[in-house]
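Each ligand, and each atom within it, is numbered from 1 in the order the structure gives. Please read all numbers here as calculations on a predicted model, not as lab measurements.
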Amino acid sequence: MSGIRPTGFLHLGNYFGAVRNYVRMQDQYTCYFMVADWHALTTMTDTKELATQVRRVMAENIACGLDPDKVAFFCQSHVPETAELYLFLNMLAYVGELQKTPTFKDKVRLQPENVNAGLLTYPVLQAADILLHRATLVPVGKDQEQHLEIARDYAHRFNTRYGGELFPEPYAFNFGESLARVPSLDGAGKMSKSENQMATLYLSDGDETIRKKIMKAKTDSGSGPASRTAEGAVLVQEKMPDAVANLFQLLRLVAPAETVTAFETDYAAGTIRYGDMKKTLAEGMVNFIRPIREKAEAIQNDIPYLRRVMEQGAAKARVSAQATIKLAQEAMGLKYY
Ligand code: ATP
Ligand code: MG
């Protein structure tokens, strides 16, 4: 089970942290993937664009290879059972703990004028999304790791308080590898839908935009660890600067291993030309993003098709959701006849 907020255009981080794994999981697991429109409301006050954004995120997931016939692919608000479980879990969530969640503190800094209770209880709603399907594997990026820990706590507390083993513990999942974190091009954080937009590569970016963003990315003033003085003496730099490490990380996502090794060798020898490296990176990204962009454009305005996808997805998700809610109500003693 996993979800993405319809807060903007999908980017490389969403792809490598989440959607790529949705696609890899869809043939082996029973999967529930959703567009988290209720979660978007915690930060989005103007909802004029919401419908377009929901349809776009749907289209972009499908363009990345997600198959709505193989998984339950739905919109969060079309599964109202989520709200009931959210209410139950709120009784197990402590305000002090929620206030200490790093993502909450970040959002308070970003939107001090709109610190709403939905923002505070974001991890509770997220736990409800996951536990509603009694999911154990949650394909997400590194930034979500802490939220999973919270979801495990609620699963455990529910089982302990009401007895039984209704909720298994969910874990962040990346096929045994460490969780992905795609850095922003300015090195100042992660790529994001709603922050760092000039330093984020979107799956909807045109070829020229991709090239421009990458050519502007920061590098290093020297040319690797073996930069030399005017006399030719080698000045060894201790550590690869973050901006350069980020470029290598991005290059590894889209370039063949030999190409990466060649640039690494140049870097170690102090002969790397960052302009060449960025050009190679830009072309790799253009080739990677273009087919996804073109496919998403073709799908996102096909409202009758997206409606069928959403209806079919919600129907599948509600079967699992209703079964869980019934068991939760029974465990809690909410059964009077
Ligand atoms: P927002 O800025 O609105 O929070 P976001 O880009 O952080 O958007 P989310 O909808 O919050 O995207 O997250 C969707 C999925 O993408 C989650 O699984 C999250 O871990 C993953 N993800 C987001 N950004 C990155 C990134 N830079 N690297 C790896 N995974 C990421
Ligand atoms: Mg996010």
Between Thr209 and Tyr202, is any side-chain donor less than 3.5 angstrom from a side-chain acceptor? no
At a non-hydrogen distance cut-off of under 4.0 Å, which region of Ser194 contacts ligand 1 (side chain, backbone, both, or neither)? both
Residue part near ligand 1, for Arg181, under 4.0 Å between non-hydrogen atoms: backbone
Within the structure, does Gly141 bring an N/O atom to less than 3.5 angstrom of an N/O atom in ligand 1? yes
Checking heavy atoms under 4.0 Å, the part of Thr7 that sits near ligand 1 is side chain
Has ligand 1 got any nitrogen or oxygen that is less than 3.5 angstrom from a nitrogen or oxygen of Lys107? no
Within-cut-off N or O pair, Ser192 and ligand 1, under 3.5 Å: yes
Regarding Arg24 and the six-membered ring of Phe175, is the cationic atom NZ or CZ under 6.0 Å from the ring centre and inside 45° of its axis? yes
Are side-chain heavy atoms of Thr265 and Ile272 found at a separation under 4.5 Å? no
Verify whether one side chain among Glu84 and Tyr86 offers a donor that lies under 3.5 Å from an acceptor in the other. no
Establish, from distance only, whether the side-chain atoms of Asp129 and His39 form a donor-acceptor pair under 3.5 Å. yes
From Asp106, Asp143, Val140, Leu179 - option closest to atom 19 (C) of ligand 1 by heavy atom: Asp143
Considering non-hydrogen atoms of the protein only, which is the closest contact for atom 17 (C) of ligand 1, and what is the distance? Gln144 CG, 4.0 Å
Report yes or no: does a heavy atom of His11 sit under 4.0 Å from some atom of ligand 1? yes
